[in-house]
Amino acid sequence: MSDTYAVDPWAKEPLKKFIGEANARLALLMTPAGQVIAQHGFNRAVDVMAAAALGAAIVSSTTAVAKLLEEPMFSALNHQGEQHGIFLAGFDSPRGRMIVLGVYGTESSPGLVQLFYEDFVRDIVAACPDAEPPRKVLAEDFEKELNESLSALFGT
Amino acid sequence: MLVSSEDGLVIADALLEDVKGNAVAALASSLAKRVGNASKSAGVGAPLFLHLDASAGVLVAAPANSDILMVVVAERSVNVGLVRLEMLRIAEAGL
(Lines give C-alpha, C1' and ligand atoms only; values in the text may rest on other atoms or scores of the structure.)
Protein backbone atom coordinates (compact mmCIF):
# COMPACT_ATOMS: atom_id res chain seq x y z
CA MET A 1 0.00 0.00 0.00
CA SER A 2 1.23 3.54 -0.77
CA ASP A 3 2.35 5.74 2.06
CA THR A 4 2.36 9.43 2.80
CA TYR A 5 5.64 11.34 2.94
CA ALA A 6 6.29 14.95 3.88
CA VAL A 7 9.23 17.34 3.77
CA ASP A 8 7.58 19.29 6.57
CA PRO A 9 6.33 16.79 9.20
CA TRP A 10 3.27 18.89 10.19
CA ALA A 11 1.79 18.26 6.72
CA LYS A 12 1.86 14.46 6.94
CA GLU A 13 -1.11 13.68 9.19
CA PRO A 14 -3.57 16.10 7.52
CA LEU A 15 -2.64 14.71 4.09
CA LYS A 16 -2.97 11.14 5.32
CA LYS A 17 -6.41 11.90 6.77
CA PHE A 18 -7.51 13.61 3.53
CA ILE A 19 -6.42 10.62 1.45
CA GLY A 20 -8.27 8.20 3.74
CA GLU A 21 -11.49 10.17 3.91
CA ALA A 22 -11.71 11.33 0.31
CA ASN A 23 -10.57 7.94 -0.96
CA ALA A 24 -8.08 9.63 -3.28
CA ARG A 25 -5.29 7.66 -4.95
CA LEU A 26 -2.58 10.31 -5.27
CA ALA A 27 -2.09 13.68 -3.66
CA LEU A 28 0.47 16.46 -3.63
CA LEU A 29 0.69 19.45 -1.35
CA MET A 30 2.94 22.12 -2.84
CA THR A 31 3.71 25.78 -3.12
CA PRO A 32 2.62 27.83 -6.17
CA ALA A 33 6.24 27.51 -7.36
CA GLY A 34 5.82 23.73 -7.53
CA GLN A 35 7.93 22.98 -4.46
CA VAL A 36 6.53 19.81 -2.91
CA ILE A 37 5.64 19.86 0.80
CA ALA A 38 4.05 16.41 1.03
CA GLN A 39 2.95 13.60 -1.24
CA HIS A 40 0.95 10.41 -1.17
CA GLY A 41 0.97 7.56 -3.65
CA PHE A 42 3.84 8.54 -5.93
CA ASN A 43 6.67 6.04 -6.24
CA ARG A 44 9.09 7.89 -8.47
CA ALA A 45 10.66 11.31 -7.98
CA VAL A 46 10.22 12.10 -11.65
CA ASP A 47 6.44 11.61 -11.38
CA VAL A 48 6.25 13.92 -8.36
CA MET A 49 8.29 16.58 -10.09
CA ALA A 50 6.19 16.35 -13.28
CA ALA A 51 2.88 16.45 -11.38
CA ALA A 52 4.04 19.36 -9.21
CA ALA A 53 5.30 21.36 -12.18
CA LEU A 54 2.14 20.74 -14.20
CA GLY A 55 -0.19 21.41 -11.26
CA ALA A 56 1.57 24.66 -10.39
CA ALA A 57 1.51 25.69 -14.05
CA ILE A 58 -2.26 25.05 -14.31
CA VAL A 59 -2.92 27.13 -11.18
CA SER A 60 -0.68 29.87 -12.54
CA SER A 61 -2.57 29.85 -15.87
CA THR A 62 -6.02 29.92 -14.28
CA THR A 63 -4.89 32.72 -11.96
CA ALA A 64 -3.79 34.71 -15.02
CA VAL A 65 -7.15 34.04 -16.73
CA ALA A 66 -8.96 35.15 -13.55
CA LYS A 67 -6.97 38.39 -13.58
CA LEU A 68 -7.92 39.01 -17.22
CA LEU A 69 -11.58 38.52 -16.29
CA GLU A 70 -11.12 40.77 -13.25
CA GLU A 71 -12.27 37.90 -11.07
CA PRO A 72 -10.85 36.90 -7.72
CA MET A 73 -8.66 33.80 -7.92
CA PHE A 74 -10.43 30.58 -8.98
CA SER A 75 -10.64 28.37 -5.93
CA ALA A 76 -10.76 24.86 -7.38
CA LEU A 77 -10.58 22.98 -10.64
CA ASN A 78 -11.93 19.52 -11.35
CA HIS A 79 -11.37 17.37 -14.42
CA GLN A 80 -13.12 14.05 -14.64
CA GLY A 81 -12.06 11.25 -16.90
CA GLU A 82 -13.49 7.75 -17.33
CA GLN A 83 -11.29 6.09 -14.71
CA HIS A 84 -9.63 9.01 -12.93
CA GLY A 85 -10.37 12.57 -12.01
CA ILE A 86 -8.06 15.35 -10.89
CA PHE A 87 -8.79 17.99 -8.32
CA LEU A 88 -6.62 21.07 -8.08
CA ALA A 89 -7.18 23.83 -5.55
CA GLY A 90 -5.30 26.59 -3.77
CA PHE A 91 -5.65 28.04 -0.30
CA ASP A 92 -3.90 30.51 2.00
CA SER A 93 -1.96 29.27 5.02
CA PRO A 94 0.35 30.86 7.61
CA ARG A 95 3.18 29.90 5.23
CA GLY A 96 1.58 31.57 2.24
CA ARG A 97 -0.42 30.10 -0.59
CA MET A 98 -0.47 26.33 -1.02
CA ILE A 99 -1.81 24.08 -3.75
CA VAL A 100 -3.34 20.63 -3.49
CA LEU A 101 -3.40 18.25 -6.41
CA GLY A 102 -5.51 15.15 -5.86
CA VAL A 103 -6.11 12.22 -8.19
CA TYR A 104 -9.12 10.02 -7.49
CA GLY A 105 -10.65 6.97 -9.11
CA THR A 106 -14.15 5.59 -9.51
CA GLU A 107 -14.29 4.68 -5.82
CA SER A 108 -14.44 8.40 -4.97
CA SER A 109 -16.21 11.40 -6.47
CA PRO A 110 -15.70 15.15 -6.96
CA GLY A 111 -18.23 15.74 -4.18
CA LEU A 112 -16.31 13.62 -1.66
CA VAL A 113 -12.95 15.13 -2.60
CA GLN A 114 -14.33 18.67 -2.39
CA LEU A 115 -15.99 17.92 0.95
CA PHE A 116 -12.88 16.52 2.62
CA TYR A 117 -10.63 19.11 0.96
CA GLU A 118 -12.40 21.74 3.10
CA ASP A 119 -11.51 19.74 6.24
CA PHE A 120 -7.97 19.28 4.95
CA VAL A 121 -7.50 23.05 4.55
CA ARG A 122 -8.69 23.59 8.13
CA ASP A 123 -6.29 20.88 9.38
CA ILE A 124 -3.31 22.24 7.45
CA VAL A 125 -3.94 25.83 8.53
CA ALA A 126 -4.15 24.64 12.15
CA ALA A 127 -1.01 22.48 11.92
CA CYS A 128 1.13 24.85 9.86
CA PRO A 129 3.66 26.90 11.85
CA ASP A 130 4.25 30.54 10.97
CA ALA A 131 6.57 31.30 8.08
CA GLU A 132 10.29 31.16 8.84
CA PRO A 133 12.32 34.32 8.16
CA PRO A 134 13.88 34.13 4.69
CA ARG A 135 17.48 32.94 4.70
CA LYS A 136 20.23 33.09 2.14
CA VAL A 137 20.42 30.06 -0.11
CA LEU A 138 23.98 28.87 -0.34
CA ALA A 139 25.20 26.86 -3.29
CA GLU A 140 27.04 24.41 -1.02
CA ASP A 141 23.79 23.64 0.91
CA PHE A 142 21.63 23.26 -2.16
CA GLU A 143 22.47 19.67 -3.08
CA LYS A 144 22.31 18.52 0.55
CA GLU A 145 18.88 20.13 1.06
CA LEU A 146 17.60 18.74 -2.22
CA ASN A 147 18.70 15.23 -1.26
CA GLU A 148 17.11 15.59 2.18
CA SER A 149 13.82 16.70 0.62
CA LEU A 150 13.82 13.78 -1.83
CA SER A 151 14.57 11.35 1.02
CA ALA A 152 11.71 12.78 3.07
CA LEU A 153 9.33 12.54 0.11
CA PHE A 154 10.09 8.91 -0.68
CA GLY A 155 11.00 7.57 2.73
CA THR A 156 14.48 6.52 1.64
CA MET B 1 -32.49 16.80 -2.53
CA LEU B 2 -31.39 15.64 -5.95
CA VAL B 3 -27.80 14.51 -6.21
CA SER B 4 -25.62 13.57 -9.15
CA SER B 5 -25.01 9.86 -8.48
CA GLU B 6 -21.51 9.71 -9.93
CA ASP B 7 -20.21 13.11 -8.80
CA GLY B 8 -21.84 13.37 -5.39
CA LEU B 9 -22.73 17.00 -6.11
CA VAL B 10 -26.03 18.72 -5.32
CA ILE B 11 -28.35 19.29 -8.28
CA ALA B 12 -31.27 20.79 -6.36
CA ASP B 13 -32.21 20.93 -2.73
CA ALA B 14 -34.72 22.21 -0.22
CA LEU B 15 -33.08 21.71 3.18
CA LEU B 16 -33.27 22.97 6.71
CA GLU B 17 -30.52 25.40 7.70
CA ASP B 18 -28.57 22.96 9.86
CA VAL B 19 -28.32 20.26 7.19
CA LYS B 20 -25.03 20.45 5.28
CA GLY B 21 -26.26 19.80 1.76
CA ASN B 22 -22.91 19.27 0.06
CA ALA B 23 -21.76 16.84 2.77
CA VAL B 24 -25.02 14.85 2.63
CA ALA B 25 -24.85 14.75 -1.17
CA ALA B 26 -21.24 13.56 -1.30
CA LEU B 27 -21.63 10.96 1.45
CA ALA B 28 -25.06 9.68 0.38
CA SER B 29 -23.88 9.14 -3.21
CA SER B 30 -20.78 7.34 -1.92
CA LEU B 31 -22.95 5.20 0.35
CA ALA B 32 -25.35 4.40 -2.50
CA LYS B 33 -22.41 3.45 -4.73
CA ARG B 34 -20.96 1.09 -2.09
CA VAL B 35 -24.31 -0.46 -1.24
CA GLY B 36 -24.86 -0.89 -4.97
CA ASN B 37 -21.54 -2.75 -5.26
CA ALA B 38 -22.47 -4.92 -2.28
CA SER B 39 -25.92 -5.80 -3.58
CA LYS B 40 -24.61 -6.52 -7.07
CA SER B 41 -21.89 -8.72 -5.56
CA ALA B 42 -24.55 -10.54 -3.59
CA GLY B 43 -26.39 -11.19 -6.84
CA VAL B 44 -29.51 -9.26 -5.91
CA GLY B 45 -29.13 -6.43 -8.44
CA ALA B 46 -29.01 -2.70 -7.94
CA PRO B 47 -30.61 -1.22 -4.82
CA LEU B 48 -33.98 0.42 -5.34
CA PHE B 49 -34.28 2.10 -1.96
CA LEU B 50 -31.92 2.83 0.95
CA HIS B 51 -33.15 3.53 4.45
CA LEU B 52 -30.66 4.66 7.10
CA ASP B 53 -32.10 4.84 10.59
CA ALA B 54 -30.05 7.21 12.78
CA SER B 55 -30.44 8.21 16.42
CA ALA B 56 -31.98 11.60 15.62
CA GLY B 57 -33.54 11.08 12.22
CA VAL B 58 -33.61 9.09 9.03
CA LEU B 59 -31.91 9.36 5.68
CA VAL B 60 -33.52 7.68 2.71
CA ALA B 61 -32.26 7.52 -0.83
CA ALA B 62 -33.56 6.13 -4.09
CA PRO B 63 -32.16 6.35 -7.61
CA ALA B 64 -34.40 8.62 -9.71
CA ASN B 65 -32.63 7.35 -12.82
CA SER B 66 -29.15 6.09 -13.65
CA ASP B 67 -27.63 9.56 -13.09
CA ILE B 68 -29.66 11.06 -10.28
CA LEU B 69 -30.12 10.01 -6.68
CA MET B 70 -33.04 11.32 -4.63
CA VAL B 71 -32.14 11.86 -0.96
CA VAL B 72 -34.52 12.72 1.86
CA VAL B 73 -33.52 13.66 5.40
CA ALA B 74 -36.38 13.47 7.88
CA GLU B 75 -37.27 13.20 11.54
CA ARG B 76 -37.53 9.77 13.11
CA SER B 77 -41.30 10.09 13.32
CA VAL B 78 -41.65 10.30 9.54
CA ASN B 79 -43.77 7.72 7.75
CA VAL B 80 -40.97 6.07 5.78
CA GLY B 81 -43.46 3.95 3.82
CA LEU B 82 -45.17 7.03 2.51
CA VAL B 83 -41.84 8.70 1.70
CA ARG B 84 -40.79 5.55 -0.13
CA LEU B 85 -43.98 5.47 -2.19
CA GLU B 86 -43.61 9.12 -3.16
CA MET B 87 -39.96 8.72 -4.08
CA LEU B 88 -40.59 5.62 -6.18
CA ARG B 89 -43.55 7.38 -7.85
CA ILE B 90 -41.30 10.32 -8.77
CA ALA B 91 -38.62 7.92 -10.02
CA GLU B 92 -41.15 6.01 -12.15
CA ALA B 93 -42.48 9.26 -13.58
CA GLY B 94 -38.92 10.12 -14.60
CA LEU B 95 -38.74 13.13 -12.26
Side-chain angles (χ1 to χ4, degrees), chain A residues 1-2 14-27 29 40-41 55 58 62 72-92 100-126, chain B residues 1-42 45-50 52 54 56-57 59-73 87 91 95:
Chain A
M1 194 183 148
S2 305
L15 188 66
K16 213 170 172 177
K17 186 176 157 215
F18 171 66
I19 285 286
E21 289 180 329
N23 226 343
R25 292 184 181 178
L26 305 171
L29 176 66
H40 174 95
I58 293 168
T62 54
M73 230 177 271
F74 294 123
S75 57
L77 175 83
N78 220 321
H79 277 298
Q80 223 174 337
E82 281 182 21
Q83 296 300 318
H84 293 94
I86 62 166
F87 174 84
L88 192 61
F91 63 94
D92 291 316
V100 176
L101 170 68
V103 178
Y104 57 90
T106 49
E107 65 281 5
S108 188
S109 67
L112 268 187
V113 174
Q114 176 76 47
L115 174 66
F116 290 111
Y117 163 73
E118 289 165 17
D119 289 347
F120 173 70
V121 171
R122 271 192 293 273
D123 291 345
I124 281 287
V125 169
Chain B
M1 68 194 302
L2 297 178
V3 177
S4 164
S5 308
E6 276 302 309
D7 302 346
L9 299 172
V10 179
I11 296 170
D13 65 15
L15 297 169
L16 293 173
E17 256 180 42
D18 58 343
V19 178
K20 294 174 188 162
N22 59 344
V24 173
L27 296 167
S29 82
S30 172
L31 181 70
K33 226 186 270 184
R34 282 157 196 250
V35 171
N37 288 341
S39 67
K40 281 173 199 161
S41 303
L48 302 175
F49 188 76
L50 301 178
L52 182 72
L59 185 144
V60 293
N65 57 38
S66 58
D67 300 323
I68 299 172
L69 184 72
M70 257 185 295
V71 180
V72 172
V73 180
M87 289 172 82
L95 285 176

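In this text, all values refer to a predicted model and were calculated from it rather than measured experimentally. Throughout, a chain's letter reflects where its sequence line sits, starting with A, and its residues are numbered from 1. Below, all heavy atoms of this structure are taken into account, side chains as well, without hydrogens, waters or symmetry copies.
- In this structure the side chain of Leu115(A) never reaches within 4.5 angstrom of the side chain of Lys20(B), judged on heavy atoms.
- Glu107(A) touches chain B through its backbone: at least one of N, CA, C or O sits under 4.5 Å from a heavy atom, while the side chain does not.
- Between chain A and the options Asp7(B), Leu9(B), Leu27(B), the largest number of non-hydrogen pairs under 4.5 Å is found for Asp7(B).
- Of all the heavy atoms in Ser29(B) and Ser109(A), the pair that sits closest is OG-OG, 4.4 Å.
- Neither the backbone nor the side chain of Asn78(A) comes within less than 4.5 Å of any heavy atom in chain B.
- The two residues Thr106(A) and Lys33(B) have their closest heavy-atom pair at O-NZ, 3.5 Å.
- Looking at Ala25(B), neither its backbone nor its side chain comes within 4.5 Å of chain A, counting heavy atoms on both sides.
- Atom CG of Leu52(B) has more than 12 neighbouring heavy atoms from other residues, nucleotides or ligands inside a 6.0 Å radius.
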